[in-house]
Protein chains: 2
Amino acid sequence: MIDYISLKRCPVFQGIDEKEASLLLEQVHYQIKVFKKHDIIALAGDQVKNLYIILKGSVSGEIHDYSGNTVKIEDIEAPRPLATAFLFGSENRFPVTVVARNDVTIFSMPIDDFLKLLHLNTRLLKNFLNSISSRAQFLSRKLNFLSIKTIREKIANYILQKAGDRFHSIELKNTQQELADLFGVTRPSLARVLSEMQKEKLIIIDKRTVTILNKEKLNKLIRNI
Amino acid sequence: MIDYISLKRCPVFQGIDEKEASLLLEQVHYQIKVFKKHDIIALAGDQVKNLYIILKGSVSGEIHDYSGNTVKIEDIEAPRPLATAFLFGSENRFPVTVVARNDVTIFSMPIDDFLKLLHLNTRLLKNFLNSISSRAQFLSRKLNFLSIKTIREKIANYILQKAGDRFHSIELKNTQQELADLFGVTRPSLARVLSEMQKEKLIIIDKRTVTILNKEKLNKLIRNI
DNA sequence: AAAAAAATGTATCAATTGTTACAAATAGTA
DNA sequence: TACTATTTGTAACAATTGATACATTTTTTT
């Protein structure tokens, strides 16, 4: 029997208690798979035939370049599910190669069994729909952000979003280089615009602290008035 | 009673025959709404309270930059559903403004009723999961596309994707303005780059037909070699 | 505390794209 | 066909960003 403590931490199983879960899991097939560091869990292009949930450890999603170089796309840690947005849909294949970053334990259940569970339990269905929707929403927000054209607007957007409604200053957790990557611009370009915005007294930057001097103008910037 | 012919063409209702469908639809509430060209169907930020399926016509999903610029994200045509990925999830709001591109008829059903249907019918559930997944997959591809920086690369990418492996020429279905919106650039800029690429004998454009002259170079462009 | 590494500020010049404007070509319609 | 609206081609100039380089500051390591 599976250790349900890890599983219920996963968003998909939230709000379902152990008794209910064990009743559900009795009716379907599932496996617990163990991988060691650097093991390949799935290859890019492989069909996704199972729901995977990482119970322990973390994996890395990688793309292998034409010249054999490896580009890391993202890390996924327990207790997150894997590639839920690719379980169904027209192209249900792994978009990346999944590699174990350390010792990894994975809960695996065939799609059809999972579908059965979704039918048996409303909470599970709602959870899963929420999970997959949130993923799409995340992508959509990313898309919105990328469609902002000028660096200045991106900065305003980023700062105001971080600041929320209440605060005058925010603490940056990233280096300029990381921010620049996030914005999809070069580091010197970002620094230049930050510096301009300081000269215009929109913000003050002191080390990693950004203080908002003129919230109105920042807002107008976003709205491009 | 609704004309089921349009509805069953929608991926969500695929494989469900008229008898079955009418039995299902009897148990829930739904509406048919009609819009004219340029009507706003939903504003970005509006809560998604209903499942929408386009029965007739087509709509455009747009981000309105505050300076009045419009970035078209995509066109959705009958019989596709609308914003399915935003029915659930933490932020169930329209990510884009939805505008009618012509005379549009839309089928609308409250979320709770729809959830009820998902429980009643496995095929429907599977269809819906497929739909929402495809959506996430689409967004993911879109994100990749938007992260391409130069117009030249975007064009190469677009043309090669349209062309697939076999053909030497493709037929554009969009005006330059629509393409430019899709790319998130201005129309003259797009035209300029297209013209340059013609001069460099990468492509030939005759009216709406684009002929690929140098596939290798186009490929290299994408891969940034 | 000293040395090394990383991050930041800034400058210059090149490349790309935006803005605006207008003529030419094409498509749509009476 | 003739007229109109839409689409396309192109040009000149402005604005933004990229690329590169290097000094300075800050952080991390020894």
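Letters A, B, ... mirror the listed sequences (proteins, then strands); counts begin at 1.
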Participant: Closer than 4.0 Å, any side-chain N/O of R192(A) to the OP1 or OP2 of dT8(C)?
Facilitator: no
Participant: Rounded off to whole Å, could you give me the CG-to-P distance for the N174(A) and dT8(C) pair?
Facilitator: 10 Å
Participant: Going by atom types alone, do E171(B) and T209(B) pair a side-chain donor with an acceptor below 3.5 Å?
Facilitator: yes
Participant: Answer yes if the side chains of T150(A) and E153(A) hold a donor-acceptor pair under 3.5 Å, and no otherwise.
Facilitator: yes
Participant: How about CD on E91(A), more than 12 heavy atoms from neighbouring residues, nucleotides or ligands closer than 6.0 Å, or not?
Facilitator: no
Participant: What nucleic acid atoms does S195(B) come within less than 4.0 Å of, heavy atoms only: base, sugar-phosphate, or nothing?
Facilitator: sugar-phosphate
Participant: Calculate the interatomic distance between F183(A) atom CZ and dT17(D) atom P; express it in whole Å.
Facilitator: 12 Å
Participant: What is the distance, rounded to the nearest whole Å, between atom NZ of K173(A) and atom P of dA7(C)?
Facilitator: 18 Å
Participant: Do N130(B) side-chain atoms and S90(A) backbone N/O form a donor-acceptor pair below 3.5 Å?
Facilitator: no
Participant: Taking for each residue the nucleotide of DNA chain D bearing the nearest heavy atom, is the 5' side occupied by K207(B) or by I151(A)?
Facilitator: K207(B)
Participant: Are OP1 or OP2 of dG18(D) and a side-chain N or O of T186(A) less than 4.0 angstrom apart?
Facilitator: yes
Participant: Distance check: side-chain N/O of Q176(B) vs OP1/OP2 of dG9(D), anything under 4.0 Å?
Facilitator: yes
Participant: CD of E153(A) versus P of dG18(C): gap in Å, rounded?
Facilitator: 13 Å
Participant: Hey, does the side chain of Q198(B) come within less than 4.0 Å of dG9(D)'s phosphate (OP1/OP2), counting only N and O?
Facilitator: no
Participant: Please check if atom NZ in K154(B) has more than 12 non-hydrogen atoms from other residues, nucleotides or ligands closer than 6.0 Å.
Facilitator: yes
Participant: Nearest-nucleotide wise, let me know which of R187(B) and E196(B) is further upstream toward the 5' end of DNA chain C.
Facilitator: E196(B)
Participant: Quick check on DNA chain C: between R152(B) and K199(A), whose nearest nucleotide comes earlier from the 5' end?
Facilitator: K199(A)
Participant: Do the side-chain N or O atoms of R208(B) get closer than 4.0 angstrom to the phosphate oxygens (OP1, OP2) of dT8(D)?
Facilitator: yes
Participant: Just to be sure I understand the rule, does S189(A) reach a base, reach only the sugar-phosphate, or reach nothing, if contact means heavy atoms closer than 4.0 Å?
Facilitator: base
Participant: Assign L194(B) to base, sugar-phosphate, or nothing according to its heavy-atom contacts below 4.0 angstrom with the strands shown.
Facilitator: nothing
